[in-house]
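Quick note on labels: first sequence line is chain A, next is B, and so on, each numbered from 1.
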Number of protein chains: 2
Amino acid sequence: MTVDVLIFSIVGGDLSVLLIRRSSPPHQKMFAVPGVFVQMDESLDEAASRAISTKGGLSRIYLEQLYSFGRPDRDSRGRVVSVSYFALVPEDKITRDEGGEHVVRWFPVMKLPKLAFDHNQIVEMGIGRLRSKLAYSSIAVGLMPKSFSLSELQRTYELILGETIDKRNFRKKITSLDLLQETGREVGKRRRPAVLYSFKKDKPVFFD
Amino acid sequence: MTVDVLIFSIVGGDLSVLLIRRSSPPHQKMFAVPGVFVQMDESLDEAASRAISTKGGLSRIYLEQLYSFGRPDRDSRGRVVSVSYFALVPEDKITRDEGGEHVVRWFPVMKLPKLAFDHNQIVEMGIGRLRSKLAYSSIAVGLMPKSFSLSELQRTYELILGETIDKRNFRKKITSLDLLQETGREVGKRRRPAVLYSFKKDKPVFFD
DNA sequence: ACAAAAGTGTTTCCTTTACACCCATGT
DNA sequence: ACATGGGTGTAAAGGAAACACTTTTGT
């Protein structure tokens with residue numbers, strides 16, 4: 001019984017997922033979604049949090065259960081059921097070269113290698129969930145730093161959806177949701193400084 | 001590792017769920033969601049199908065994974081992770097008095113007793129999922145008999161959502177989706193006979 | 001003829017989309 | 001002064017919601 005966690009972030013302008021190079025068989029040297037075996041005394045959610053923190057001390061992360069995979073032949077070592085989660089991490093919280101020697105790496109989701117086990121399928125499902133929730137929830141919160149401009153938020157939406165959005169319509173929609181509060185203003189940019197916003201604390205990520 | 005399956009149907013004008021009275025501890029005599037232990041050689045989906053068929057030979061049922069529950073204290077016997085599914089069964093496929101001596105019973109979801117384990121929580125989540133998917137999918141298929149009138153379909157929607165729907169708007173929406181084909185006409189009713197429809201085979205239940 | 005449910009269109013409102021120019025700043 | 005992204009409004013189209021009467025059958 002394992003918990004595998006898709007850790008998504010925006011890295012260098014790509015929606016990316018954190019993967020680990022396996023150091024032992026099966027599928028030695030292939031990349032895989034980070035996971036842990038569930039301990040006897042912890043919940044699935046706790047196991048997911050542990051999976052995240054052992055791969056880099058990340059906090060303030062959005063975490064949601066995704067799906068459970070249990071084909072009997074999915075792991076050659078024997079019967080291993082995987083409960084998958086997905087997590088969102090703001091770009092400013094990550095360290096780009098996790099681990100130093102490339103045992104842990106960020107991959108743009110559009111350029112994934114063949115992964116260990118059924119992990120390609122898990123990643124695909126995670127991306128699908130992320131896209132569909134973007135339309136009807138404020139899940140993008142999880143990928144943004146504490147404070148950000150509307151243009152930055154829009155870029156995040158565009159990266160996940162893979163399409164451009166009209167600037168005026170985007171701003172109309174976001175402001176109509178009443179999720180944001182002004183927190184200041186950019187300084188030192190070589191252009192007009194943007195107003196910065198953060199998410200209102202009393203508005204949780206909503207739905208499902 | 002168990003798979004528990006919420007089996008929903010419309011029974012006597014109520015959205016209802018099939019529950020089993022437990023014959024042994026823990027929670028002896030309380031009602032619980034039917035489930036099975038996952039065998040070493042079967043997938044989770046297969047275990048879910050098995051759970052359904054052992055509690056009454058049901059076929060042509062809609063089955064979807066719901067959520068996995070894994071609090072370490074959720075079962076006093078030890079560590080039991082439950083992968084829950086939900087299934088939809090048309091009313092004409094069920095037998096109203098399953099088992100005969102009330103070990104298996106249909107409960108309207110609005111009148112649930114206190115259930116064994118964390119099963120109240122599982123049922124709540126299932127109802128929520130059913131409601132939310134009704135809005136953007138053709139999931140109601142699963143609760144309808146082979147052939148039905150638009151009014152019957154509307155009643156199913158209303159039962160699940162718990163609110164009335166305007167007849168003309170409902171029919172406009174359904175017909176615009178182009179999911180149905182005419183299959184005949186009611187006979188022998190003491191009123192104007194309704195046109196009967198079935199779902200087109202090439203249109204699968206869509207989304208998520 | 002009456003009861004009971006089936007069936008049918010139009011208008012209003014709101015949401016979504018398309019679209020182009022001026023503004024504030026740093027260099 | 002110019003380059004760069006920030007910021008703003010309006011009109012048209014499409015989808016959702018409100019609303020009431022006629023039709024067909026069995027008794």
Side-chain angles (χ1 to χ4, degrees), chain A residues 10 12-13 91 131-138 140 144-198 206-207, chain B residues 10 12-13 91 131-138 140 144-145 147-199 206-207:
Chain A
I10 307 292
E91 184 166 12
R131 287 211 176 110
S132 72
K133 291 198 79 158
L134 201 63
Y136 64 90
S137 80
S138 56
M144 302 307 295
K146 272 220 183 65
S147 180
F148 51 87
S149 69
L150 289 180
S151 297
E152 286 163 352
L153 183 61
Q154 181 174 347
R155 270 189 289 279
T156 296
Y157 271 77
E158 290 175 337
L159 281 172
I160 297 173
L161 296 177
E163 60 190 25
T164 59
I165 306 171
D166 178 85
K167 204 201 312 191
R168 281 169 289 192
N169 294 338
F170 179 77
R171 290 157 112 93
K172 230 179 301 172
K173 182 171 213 163
I174 293 294
T175 53
S176 78
L177 294 175
D178 190 35
L179 295 169
L180 302 181
Q181 57 187 9
E182 250 188 85
T183 57
R185 192 162 287 271
E186 284 182 344
V187 287
K189 291 280 167 61
R190 63 181 136 195
R191 49 173 169 74
R192 177 172 177 176
V195 175
L196 298 175
Y197 297 87
S198 66
F206 43 82
F207 285 174
Chain B
I10 307 292
E91 184 168 12
R131 288 213 175 107
S132 71
K133 291 197 80 159
L134 202 62
Y136 64 88
S137 81
S138 57
M144 302 308 293
S147 179
F148 50 87
S149 69
L150 290 179
S151 296
E152 286 163 353
L153 183 61
Q154 181 174 348
R155 269 190 290 280
T156 296
Y157 271 77
E158 289 175 335
L159 281 171
I160 297 173
L161 296 176
E163 61 189 24
T164 59
I165 305 172
D166 178 85
K167 204 201 312 191
R168 281 169 289 193
N169 292 339
F170 179 77
R171 290 159 111 91
K172 231 177 300 173
K173 184 171 212 162
I174 293 294
T175 53
S176 79
L177 293 176
D178 189 36
L179 295 169
L180 302 181
Q181 58 187 10
E182 250 188 87
T183 56
R185 192 164 289 270
E186 283 181 343
V187 286
K189 289 281 167 59
R190 62 181 136 198
R191 48 169 170 74
R192 174 173 180 175
V195 174
L196 297 176
Y197 297 88
S198 66
F199 284 90
F206 42 82
F207 285 174

Output one letter per nucleotide in nucleotides 2-12 of chain C: B when a protein non-hydrogen atom lies under 4.0 Å from the base, S when only the sugar-phosphate is that close, - when neither is.
--BSBBBBB--
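Put simply, CZ on B/F199 and CG on B/L180 are 5.5 Å apart, with the number rounded to the nearest 0.5 Å. Atom CD1 of B/I10 is separated from atom CD of B/E152 by 11.5 Å, given to the nearest 0.5 angstrom. Atoms CG and CG, on B/L161 and B/L134 in that order, are 4.5 Å from each other to the nearest 0.5 Å. Separation of atoms OG (B/S176) and CZ (B/R171) is listed at 14.0 Å; rounding is to 0.5 Å. A/L159 contributes atom CG, which lies 11.0 Å from atom CD of A/Q154 (distance to the nearest 0.5 angstrom). B/S147 contributes atom OG, which lies 10.0 Å from atom CD of B/Q181 (distance to the nearest 0.5 angstrom).
For the pair A/L196/A/F148, no side-chain contact is recorded, criterion being any heavy-atom separation below 4.5 Å from C-beta on.
If you measure from atom NZ of A/K189 to atom C1' of C/dC23, you get 17 Å, rounded to the nearest angstrom.
Screening residues 160-192 of chain A for ring pair (Phe, Tyr, Trp, His ring centres under 6.0 Å), with sequence neighbours left out, gives A/Y157-A/F170.
A nucleotide of DNA chain D counts as in contact with chain B when one of its atoms lies under 4.0 Å from a heavy atom; the first and last such, 5' to 3', are D/dA17 to D/dG26.
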